[in-house]
Asks: 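Mind looking over this structure? Questions follow.
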Amino acid sequence: MALIRAFETRVSELYRDGEIPGFVHTSLGQEAVAAGVCGALREDDYMATTHRGHGHVLAKGADVDGMMAELFGRATGLCGGKGGSMHVADPARGILGANAIVGAGMPLITGAGLSSKLLGQGRVAVAFFGEGAVNQGTFHEALNLCAIWDLPVIFACENNGYAEFSANADMTRVASVAGRTAAYGVHAETVDGNDVAAVHEATDRAVERCRSGEGPVVLELMTYRWHGHYEGDAQPYKPEAEAQEWRDRDPLILAERALVESGAATADELAAVRAAAEARIDAATEAARQAPDPAPEEAFAHVFAG
Ligand SMILES: Cc1ncc(C[n+]2csc(CCOP(=O)(O)OP(=O)(O)O)c2C)c(N)n1
């Protein structure tokens, strides 16, 4: 969580200063979802994510240098600089990609779950998506298919209350995503997405169901994004009292408090974790700055499969 916080705080600054090109969506404030879900997965489990996927990709084990270089568009990036923030992938770690098309990760992960089942691999496949994507047909088609074929798929809905500039309550009469999915006969849990231990435990239960052949699970993880839909969005559509209430429930502070109260860590040890994360991001940023741009003759490599 500290690494994701440090990475995205830095990315936000680098984007503002014009060092990172393109379009960037951060998940600041949502770190407990990424760490809680991915921390309960095996390295060979599959994961697909969205336009807001930096945290999920880092938590699934992507190399930090490769990730930062990818956002800079450098040749040393995880996708040689061709994917960027919204299309980064790392298949060797089961990361089937971020995706700018809302709802597109769910059919992909359904295929991954089907392959795992047919090959008897016991791999679980997780799709991250926002509550806005529940209004896309892909969600309903993928969920139903996973249900009737008992596929080992976790639908991890990061419910941050907003899709672009629209509040969830304005988009549907049934605000509960878990409530909407009950009609498909799929087990669903709604969890405090800012409590990393609760997210981890719920994912452990979902993984257990998937690996034992009981079919898909929906996890509705209630959280909040601190920044705008994209970096630069001033968020005039969010009530300040609501935003403050969620900032007071900073998932890192909640986790640190729980660790200190239980005696698992001291405040000094936790400060050292944050400092180490900052230093790691300093190094990744400097390496990305120094890295070469992709060669022009590489423009079409890896773009089409022959
Ligand atoms: C198919 C499609 N429709 C619309 C868009 C434009 N768009 C980009 S992000 C977004 C909202 C997504 O909201 P949500 O799924 O809740 O994810 P969040 O941004 O909250 O993480 C929309 C409508 C798109 N990229 N793809």
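The basis for the numbers below is simple: all heavy atoms, side chains too, and nothing from hydrogens, waters or symmetry mates. In listed order, ligands and their atoms are each counted from 1.
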Asks: Considering the heavy atoms of Ala133, write down every atom of ligand 1 situated less than 4.0 Å from one of them.
Replies: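 Selected atoms, number and element: 15 (O).
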
Asks: Give the atoms of ligand 1, by number and element, whose distance to some non-hydrogen atom of Arg52 is under 4.0 Å.
Replies: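 Under 4.0 Å from Arg52, ligand 1 has these atoms: 18 (P), 19 (O), 21 (O).
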
Asks: Parallel, tilted or perpendicular: which fits the ring planes of His229 and Phe165, with parallel below 30° and perpendicular above 60°?
Replies: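 Rings of His229 and Phe165: perpendicular, over 60°.
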
Asks: Would you say the side-chain atoms of Ser27 and His54 include a donor-acceptor pair closer than 3.5 Å?
Replies: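 No, no side-chain donor-acceptor contact under 3.5 Å.
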
Asks: One residue to check: Phe129. Relative to ligand 1, which of side chain, backbone, both or neither has a non-hydrogen atom less than 4.0 Å away?
Replies: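 No part of Phe129 comes within reach of ligand 1.
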
Asks: Quick test: of every protein heavy atom, which one is nearest to atom 25 (N) of ligand 1, and how far off is it to 0.1 Å?
Replies: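 The protein heavy atom lying closest is Ala100 O, 2.9 Å.
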
Asks: Does NZ or CZ of Arg123 come closer than 6.0 Å to the centre of the six-membered ring of Tyr46, within 45° of the ring's axis?
Replies: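 Positive - Arg123 is close enough to the ring of Tyr46 and near enough to its axis.
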
Asks: Of all the non-hydrogen atoms in the protein, which one sits nearest to atom 20 (O) of ligand 1, and at what distance?
Replies: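 Closest protein heavy atom to atom 20 (O) of ligand 1: Tyr162 O, 2.8 Å.
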
Asks: Using a 4.0 Å cut-off to any heavy atom of Gln136, which atoms of ligand 1 qualify?
Replies: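 By the 4.0 Å cutoff, the relevant atoms are 1 (C).
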
Asks: I want to confirm something. Looking only at heavy atoms, which of His229, His25, Glu164 is nearest to atom 7 (N) of ligand 1?
Replies: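 Comparing heavy atoms across His229, His25, Glu164, the nearest one to atom 7 (N) of ligand 1 lies in Glu164.
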
Asks: Is it the case that over 12 heavy atoms from other parts of the model lie below 6.0 angstrom from the CH2 atom of Trp226?
Replies: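 Enclosed: over 12 neighbouring heavy atoms sit under 6.0 Å from CH2 of Trp226.
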
Asks: Give the atom numbers and elements of ligand 1 that come within less than 4.0 Å of a heavy atom of Asn160.
Replies: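 Ligand 1 atoms under the 4.0 Å threshold to Asn160: 18 (P), 20 (O), 21 (O).
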
Asks: Any atoms of ligand 1 less than 4.0 Å from a non-hydrogen atom of Gly132? List them with their elements.
Replies: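 Listed by number with element, the hits are 14 (P), 15 (O), 16 (O).
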
Asks: Evaluate the side chain to side chain donor-acceptor pair (under 3.5 Å) criterion for residues Glu242 and Tyr224: first the C-alpha distance (whole Å), next the side-chain angles of each, then the deciding distance (0.1 Å), finally the verdict.
Replies: CA-CA 10 Å; Glu242 173 193 276; Tyr224 200 80; 2.5 Å; yes

Asks: Give the atom numbers and elements of ligand 1 that come within less than 4.0 Å of a heavy atom of His51.
Replies: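 Matching atoms, with element in brackets: 9 (S), 12 (C), 17 (O), 18 (P), 19 (O), 21 (O).
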
Asks: Using a plain distance cutoff, I'd like to know if Ala163 has any nitrogen or oxygen under 3.5 Å from a nitrogen or oxygen of ligand 1.
Replies: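 By distance alone, the answer is no.
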
Asks: Which is closest to atom 17 (O) of ligand 1 by heavy-atom distance: Ser27, Gly130, Ala104, Gly103?
Replies: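 Looking at heavy atoms only, the winner is Gly130.
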
Asks: Which heavy atom of Glu43 sits nearest to which heavy atom of Lys60, and what is that distance?
Replies: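 Smallest interatomic distance, heavy atoms only, reads O-NZ, 2.9 Å.
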
Asks: Ignoring hydrogens and angles, state whether a donor on the side chain of Thr223 or Asn194 is under 3.5 Å from an acceptor on the partner side chain.
Replies: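 Yes.
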
Asks: Can His51 and Tyr230 be counted as having a side-chain donor-acceptor contact under 3.5 angstrom?
Replies: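 The answer is no; no qualifying pair exists.
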
Asks: Could you see which bit of Val102 sits under 4.0 Å from ligand 1, with heavy atoms only: side chain, backbone, both or neither?
Replies: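 Near ligand 1, Val102 shows its backbone as well as its side chain.
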
Asks: Consider only side-chain N and O atoms of Ser12 and Glu231, and report whether a donor and an acceptor are under 3.5 Å apart.
Replies: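 Distance-only check passes for Ser12 and Glu231.
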
